[in-house]
Amino acid sequence: MDWQTVLASRSGRMKASEIRELLKLLDRPEVLSFAGGIPDPALFPADAFRSAMAEALSGPAAGAALQYSVSEGHRPLRDWLAGRMVALGIPCDADNILITSGSQQALDYLGKLLLDPGDTMLLAWPTYLGALGAFNAYEPRFDRFDPTGNRPASDYTEAAGGRVKALYLTPDFANPTGETLTRAQREAALDLADALNIAVIEDAAYQVLRYDGDPVPPVLALEIARKGGIEDCRTLYCGSFSKSLSPGLRVGWICAAKPVISRLVLMKQAADLHSPTLNQIATDRVARAEFDAHTARIRAAYRARRDAMLAALSRYMPAGVRWTRPEGGMFVWLTLPDGLDGADLLARSLATEKVAFVPGRAFFADGSNGNTLRLSFSCADEAMIDEGMKRLGRLLRSA
Ligand code: PMP
């Protein structure tokens with residue numbers, strides 16, 4: 001079979017990055033890995049999910065838990081989420097919420113909803129790799145969003161035949177930088193979106209993982225404060241239980257104006273009918289029983305690891321290396337002197353120091369900024385962090 005003759009042109013844009021290939025080599029036990037950006041499985045609320053699932057599968061309720069369900073998502077979970085959104089300064093109800101299979105599916109659907117080939121998506125530079133991948137399938141061009149507000153709206157031009165459609169942001173503890181947008185930067189993003197008449201995709205995947213500093217209102221809350229209500233807003237808020245309860249259950253949500261949610265419900269119906277019923281029921285039960293207590297526990301654990309990593313970086317990094325100081329999330333982002341390349345360093349590290357990280361280039365839509373790398377502290381204990389940063393410091397000094 002000559003597949004090239006039948007493949008859609010968009011499939012040619014889907015490429016496994018070199019880095020993903022390299023990351024497959026990191027599972028070796030002798031490697032201290034700070035590469036994977038995943039929650040620590042030791043912190044999952046496994047007992048709570050075990051009893052929630054057992055209850056959902058007991059007696060007559062089992063029929064509903066194993067049955068098809070509505071595309072909008074499990075109503076009690078949508079009600080609970082609406083209550084959380086209200087507490088974040090986003091007055092809304094369950095009809096403003098669609099349950100998705102992780103926020104990754106939300107990004108895919110929003111790409112599908114908004115982008116025609118040749119349209120422009122504005123993004124932070126660097127941006128979450130999975131967002132680049134999700135949007136890329138819809139054949140956009142990417143342009144750099146300048147959060148300082150110094151780039152005037154008239155400077156964000158489209159390619160011939162396309163238009164600027166959306167601005168994608170991770171306002172809290174972004175992947176890969178760990179950085180948070182200030183209130184003024186969020187307001188500037190809204191000013192830009194209003195001036196260009198485009199959608200804002202707010203990716204709140206890490207929002208509950210704040211370790212210190214004052215919370216900044218979500219972009220959607222700031223927009224509601226300007227416009228009076230969610231139905232007049234252009235912001236599409238993507239939430240996730242992956243970093244709070246469990247990524248494996250694949251439960252996320254989109255919160256937005258009802259006309260957008262209605263279209264997305266049709267999209268979900270066509271794509272996968274609904275997210276797994278049992279996972280939604282169990283997530284609802286666990287969230288109601290212990291979301292606040294559980295997230296307080298994991299914040300304490302991750303905060304200690306973040307502190308250990310920042311302390312170890314100060315101790316071991318040679319002059320000329322800069323890094324972010326995240327107030328939450330899972331990542332610290334390093335900028336190395338010009339001329340050093342993260343991918344070369346990783347190859348060298350695997351041969352010598354055996355410490356792993358993600359080279360930063362993959363997070364830039366234009367493949368620039370090779371002198372950067374991402375470290376994750378989420379799955380490492382404090383001793384491993386100290387040893388890992390000592391090795392990384394040696395590697396960078398020798399480079
Ligand atoms: N957004 C960001 C910024 C992420 O880092 C991730 C996962 N690493 C996701 C979205 C997707 O997460 P999920 O689909 O598990 O909700």
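Note that the structure is predicted; figures quoted are calculated from it, not measured. Basis for what follows: all heavy atoms, side chains included, without hydrogens, waters or symmetry-related copies. Ligands are counted one by one from 1 in listed order, and the atoms in each one are counted from 1 as well.
Put simply, the side chain of Phe331 does not reach to within 4.5 Å of the side chain of Pro176, judged on heavy atoms. Using a 4.5 Å heavy-atom threshold, the side chains of Arg163 and Ile198 count as touching. Side-chain contact between Arg250 and Gln105: absent, with no pair of heavy atoms (C-beta onward) separated by less than 4.5 Å.
Of the listed residues (Ile230, Val260, Ile261, Leu81), just one forms a side chain to side chain contact (heavy atoms under 4.5 Å, CB included) with Cys255, and that residue is Ile230.
Between the side chains of Glu223 and Tyr237, no donor-acceptor pair of N or O atoms lies under 3.5 Å.
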Exercise answer, ligand 1 polar atom pairs (N/O) under 3.5 angstrom:
unit_1: ligand 1; atom_1: 1 (N); unit_2: Asp203; atom_2: OD1; d: 3.3
unit_1: ligand 1; atom_1: 1 (N); unit_2: Asp203; atom_2: OD2; d: 2.6
unit_1: ligand 1; atom_1: 5 (O); unit_2: Asn175; atom_2: ND2; d: 2.9
unit_1: ligand 1; atom_1: 5 (O); unit_2: Tyr206; atom_2: OH; d: 2.6
unit_1: ligand 1; atom_1: 8 (N); unit_2: Lys243; atom_2: NZ; d: 3.0
unit_1: ligand 1; atom_1: 12 (O); unit_2: Ser103; atom_2: OG; d: 3.4
unit_1: ligand 1; atom_1: 14 (O); unit_2: Ser103; atom_2: N; d: 3.1
unit_1: ligand 1; atom_1: 14 (O); unit_2: Gln104; atom_2: N; d: 2.8
unit_1: ligand 1; atom_1: 14 (O); unit_2: Arg250; atom_2: NH2; d: 2.7
unit_1: ligand 1; atom_1: 15 (O); unit_2: Ser242; atom_2: OG; d: 2.6
unit_1: ligand 1; atom_1: 15 (O); unit_2: Arg250; atom_2: NH1; d: 2.8
unit_1: ligand 1; atom_1: 16 (O); unit_2: Ser103; atom_2: N; d: 2.7
unit_1: ligand 1; atom_1: 16 (O); unit_2: Ser103; atom_2: OG; d: 2.7
unit_1: ligand 1; atom_1: 16 (O); unit_2: Ser240; atom_2: OG; d: 2.6
unit_1: ligand 1; atom_1: 16 (O); unit_2: Ser242; atom_2: OG; d: 3.3

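Annotation: side chain to side chain donor-acceptor pair (under 3.5 Å) contacts of Ser368 (sequence neighbours excluded): Asp366.
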